[in-house]
Amino acid sequence: MQRQLELAALAVGLAGWLCSVLTRCLALWKVSGTVDNSTATLPAYWDGVWLEWDHWDLAQDGSLHCSFYQSLMSLSGSFRTWRALIMAAIGVGGFAAAIGGAGLIWFPKRAQVKVFSGSLFVVSGILLLVPTAWTCHHTSQPLEGALLLRRDWGPALYLGWISFALMLAVSARNSKYF
């Protein structure tokens with residue numbers, strides 16, 4: 001029974017890590033456009049950490065145009081920080097998964113390895129939580145301009161919250177070793 005719980009905890013941590021990888025890959029962090037998105041002349045923008053999408057033709061064929069950010073220097077400092085934190089979260093989560101897997105195979109009786117792996121999953125979750133919560137805060141701020149524009153949270157933000165919750169759940173399993 002103990003072994004199955006340890007495998008389940010590692011599987012939950014791996015699922016959280018995979019969700020963080022998907023959060024990084026999805027370009028749908030912020031969705032902005034007109035209030036009702038019924039005007040075909042105004043675009044809907046989908047902003048991500050790596051790409052931006054312009055959905056220009058909402059009424060006709062629904063064509064979608066994608067472009068990478070042209071220069072890192074043109075991005076705000078917070079945007080560059082988000083990118084660094086997301087990559088750090090993925091790196092720490094991958095290291096935690098490797099340590100957890102090695103601990104289950106080669107050190108099944110050593111609780112210190114499991115605690116270290118679980119704490120790295122928590123650190124990875126916190127590193128992912130910061131840009132996710134930061135983006136949610138910026139997205140909820142009102143837009144200024146003559147047009148009635150609105151911003152919504154994209155699917156990547158929801159996936160980031162799920163990833164944080166899964167990686168934090170690993171610490172609940174490993175807390176019995178303290």
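These values consider heavy atoms only, across backbone and side chains, with no hydrogens, waters or symmetry-generated copies. Nothing fancy with the numbering, it's 1 onward along the sequence. Only a predicted model underlies this, so the values are computations on that prediction, with no experimental measurement involved.
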(message) Nearest 0.5 Å, please: how far is OG1 in T132 from CG in L159?
(response) 9.0 Å
(message) I need the minimum non-hydrogen distance between A169 and V12, along with the two atoms involved.
(response) CB-CG1, 4.2 Å
(message) Restricting to non-hydrogen atoms, name the atom on C19 and the atom on L166 that form the minimum distance, rounded to 0.1 Å.
(response) SG-CD1, 4.2 Å
(message) Determine whether a donor-acceptor pair (N or O, by modelled atom type, separation under 3.5 Å) exists between the side chain of W17 and the backbone of I90.
(response) yes
(message) If I take atom OG from residue S20 and atom CE from residue M87, how far apart are they, to the nearest 0.5 angstrom?
(response) 10.0 Å
(request) Could you list the residues that satisfy side-chain contact (heavy atoms from CB on, under 4.5 Å) with L18, not counting sequence neighbours? (result) none
(message) Let me confirm one number: the CG-CZ distance from L128 to F164, rounded to the nearest 0.5 Å.
(response) 9.0 Å
(message) To the closest 0.5 Å, what do you measure between CG (L14) and CG (L7)?
(response) 10.5 Å
(request) Quick one: list whatever passes side-chain contact (heavy atoms from CB on, under 4.5 Å) with V92, sequence neighbours left out. (result) L120, V123, S124, L127
(request) Measure the CZ-CZ distance between F116 and F121 for me, rounded to the nearest 0.5 Å. (result) 11.5 Å
(request) Report the C-alpha distance between I86 and T23 in whole Å, list the side-chain angles of each, state the deciding distance to 0.1 Å, and finish with yes or no for side chain to side chain contact (heavy atoms under 4.5 Å, CB included). (result) CA-CA 9 Å; I86 290 168; T23 300; 5.6 Å; no
(message) Filter on side-chain hydrogen bond (donor to acceptor under 3.5 Å, both in side chains), then keep only pairs touching residues 154-167, sequence neighbours left out; what's left?
(response) none
(request) Answer yes or no: is there a donor N or O on one side and an acceptor on the other, between the side chain of K114 and the main chain of P108, under 3.5 Å? (result) yes
(request) Taking the side chain as every heavy atom from C-beta outward, state whether P131 and T81 have any pair of such atoms under 4.5 Å apart. (result) no
(request) Please check if the side chain of R3 supplies one atom and the backbone of L104 the other of a donor-acceptor pair under 3.5 Å. (result) yes
(request) Can you see which heavy atom on V170 is nearest to which on A9, and at what distance? (result) CG2-O, 3.4 Å
(request) Would you check if L168 and V122 make a side-chain contact, meaning some heavy-atom pair closer than 4.5 Å? (result) yes
(message) Please check this pair: side chain of S117 against backbone of V113, looking for a donor-acceptor N/O pair closer than 3.5 Å.
(response) no
